[in-house]
Chemist: 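Pasting a structure below so you can have a look.
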Amino acid sequence: MPRYEFDRAYLERLIAGDPDTERHFTSYFGDLLMLKLRSRFRSREQIDDARQETFARVFNSLRRKEGVKSPEALGAFVNSVCNNVVFEMYRSGARAQPLEDEFDAADERQPSAEASVAAGEDRERVRAALVGLPPKERELLTWLFFEERDKDQICRDLNIDRDYLRVLLHRAKNRFRERFTQESTE
């Protein structure tokens with residue numbers, strides 16, 4: 001293989017696609033890239049892929065006149081392109097790694113999707129059963145179970161004693177239970 005100087009003429013021959021210059025370029029930088037990539041990848045296939053991708057990007061960039069402006073910067077340019085390729089391969093490899101089995105386990109702190117759907121359906125049935133109650137019973141159950149008001153405060157608001165509240169609550173619960181059962185079977 002002939003020895004070349006990395007000068008303006010070499011760079012112009014490389015841009016023009018001279019086969020001997022390209023062979024020299026890939027041989028010279030291929031060995032350097034091999035040393036660099038062996039420390040970063042485990043498999044021969046990954047090393048070859050990274051080398052080929054580096055050369056493809058360098059040649060593409062040179063031919064679009066976006067790459068190297070001065071021949072002295074050719075080595076640094078090849079190195080930086082190679083670094084970018086390595087980082088991209090790391091990122092794409094990291095995305096493709098399957099999660100370990102322990103990551104597939106359900107999070108016990110969160111309800112499962114099935115439990116969430118069932119809870120949503122139950123909420124809808126409760127709402128429908130409440131809507132079907134007389135307004136005073138609906139209001140009583142809402143105050144007691146949803147707003148968690150104090151029973152003494154409810155007695156003062158309704159101007160009744162605790163014994164009568166117990167009777168009203170018993171009736172409202174029974175009527176709600178009937179409506180809820182009815183909603184479940186429909």
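All values below were derived from every heavy atom in this structure, side-chain atoms included, with hydrogens, water molecules and symmetry-related copies excluded. In this chain, numbering begins with 1 at the start of the sequence shown.
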Chemist: Using the ring of each side chain (for Trp, its six-membered ring), is Tyr10 parallel, tilted or perpendicular to His24, with breaks at 30° and 60°?
Modeler: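 It falls in the perpendicular class, over 60°.
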
Chemist: Answer whether the closest heavy-atom distance between the side chains of Phe59 and Ile15 falls below 4.5 Å.
Modeler: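 Counting from C-beta outward, Phe59 and Ile15 never come under 4.5 Å.
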
Chemist: Taking 4.0 angstrom as the limit, do Arg179 and Glu137 come out as a salt bridge?
Modeler: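 So Arg179 does not pair with Glu137 through a salt bridge.
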
Chemist: Do the side chains of Val167 and Asp163 get nearer than 4.5 Å, heavy atoms only?
Modeler: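 In short, these two side chains do not touch, never coming nearer than 4.5 Å.
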
Chemist: Gln153 vs Asp157, test: side chain to side chain donor-acceptor pair (under 3.5 Å). Steps then yes/no.
Modeler: CA-CA 6 Å; Gln153 180 64 40; Asp157 290 345; 3.0 Å; yes

Chemist: Quick check for you: to the nearest 0.5 Å, what is the distance between Arg8 atom CZ and Ser70 atom OG?
Modeler: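 The CZ atom of Arg8 sits 7.0 Å away from the OG atom of Ser70.
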
Chemist: Do Asp48 and Arg44 meet the salt-bridge criterion of a basic N to acidic O distance under 4.0 Å?
Modeler: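 A salt bridge is present here (some side-chain N lies under 4.0 Å from a carboxylate O).
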
Chemist: Assess the side chains of Arg177 and Asn174: does a donor N or O sit below 3.5 Å from an acceptor N or O?
Modeler: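 Yes - a donor-acceptor pair under 3.5 Å links their side chains.
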
Chemist: Would a 4.5 Å heavy-atom cut-off, applied to side chains only, mark Val81 and Phe55 as touching?
Modeler: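 Not touching, per the 4.5 Å side-chain cut-off.
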
Chemist: Can you check whether Asp161 reaches Cys155 side chain to side chain, under 4.5 Å on heavy atoms?
Modeler: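 Side chain of Asp161 against side chain of Cys155, heavy atoms only: no contact under 4.5 Å found.
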
Chemist: For a quick test of reading the model, state the closest non-hydrogen atom pair linking Phe41 to Ala50 and the distance between them.
Modeler: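 Smallest interatomic distance, heavy atoms only, reads CE1-CB, 3.9 Å.
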
Chemist: Using side-chain contact (heavy atoms from CB on, under 4.5 Å), reason through Asn83 and Lys36 one step at a time and then give a plain yes or no.
Modeler: CA-CA 10 Å; Asn83 286 340; Lys36 176 181 181 130; 2.4 Å; yes

Chemist: Could you give the distance from CG (Leu11) to CG (Leu74), rounded to the nearest 0.5 Å?
Modeler: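 One gets 6.5 Å once the value is rounded to the nearest 0.5 Å.
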
Chemist: So do Lys136 and Pro134 actually touch side chain to side chain, heavy atoms under 4.5 Å?
Modeler: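 No, too far: nothing below the 4.5 Å cut-off.
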
Chemist: Could you tell me if the side chain of Tyr90 sits less than 4.5 Å from the side chain of Arg40, heavy atoms only?
Modeler: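 In short, these two side chains touch, coming nearer than 4.5 Å.
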
Chemist: Before giving the answer on side-chain contact (heavy atoms from CB on, under 4.5 Å), spell out for Arg13 and Asp20 the whole-Å C-alpha distance, their side-chain angles and the decisive distance to 0.1 Å.
Modeler: CA-CA 9 Å; Arg13 286 193 308 272; Asp20 289 336; over 6 Å; no

Chemist: Evaluate the side-chain proximity of Phe25 to Val58: yes if any heavy-atom separation is below 4.5 Å, no if none is.
Modeler: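 Val58 reaches Phe25 side chain to side chain.
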
Chemist: Please state whether the rings of Phe180 and Phe176 are parallel, tilted or perpendicular, taking 30° and 60° as the class boundaries.
Modeler: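 Parallel, since the angle between the ring planes stays under 30°.
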
Chemist: Indicate yes or no: does Arg125 engage Glu121 in a salt bridge with an N to O separation below 4.0 Å.
Modeler: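 Glu121 and Arg125: not salt-bridged.
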
Chemist: What heavy-atom pair brings Ser61 and Phe77 nearest, and what distance separates the two atoms?
Modeler: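 Shortest heavy-atom separation between Ser61 and Phe77 comes out as OG-CZ, 3.5 Å.
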
Chemist: Please list every donor-acceptor pair under 3.5 Å in which a side-chain atom of residues 138-146 meets a protein atom from a residue at least two apart or in another chain.
Modeler:
unit_1	atom_1	unit_2	atom_2	d
Arg138	NE	Leu130	O	3.1
Arg138	NH2	Leu133	O	3.3
Thr142	OG1	Arg138	O	2.7

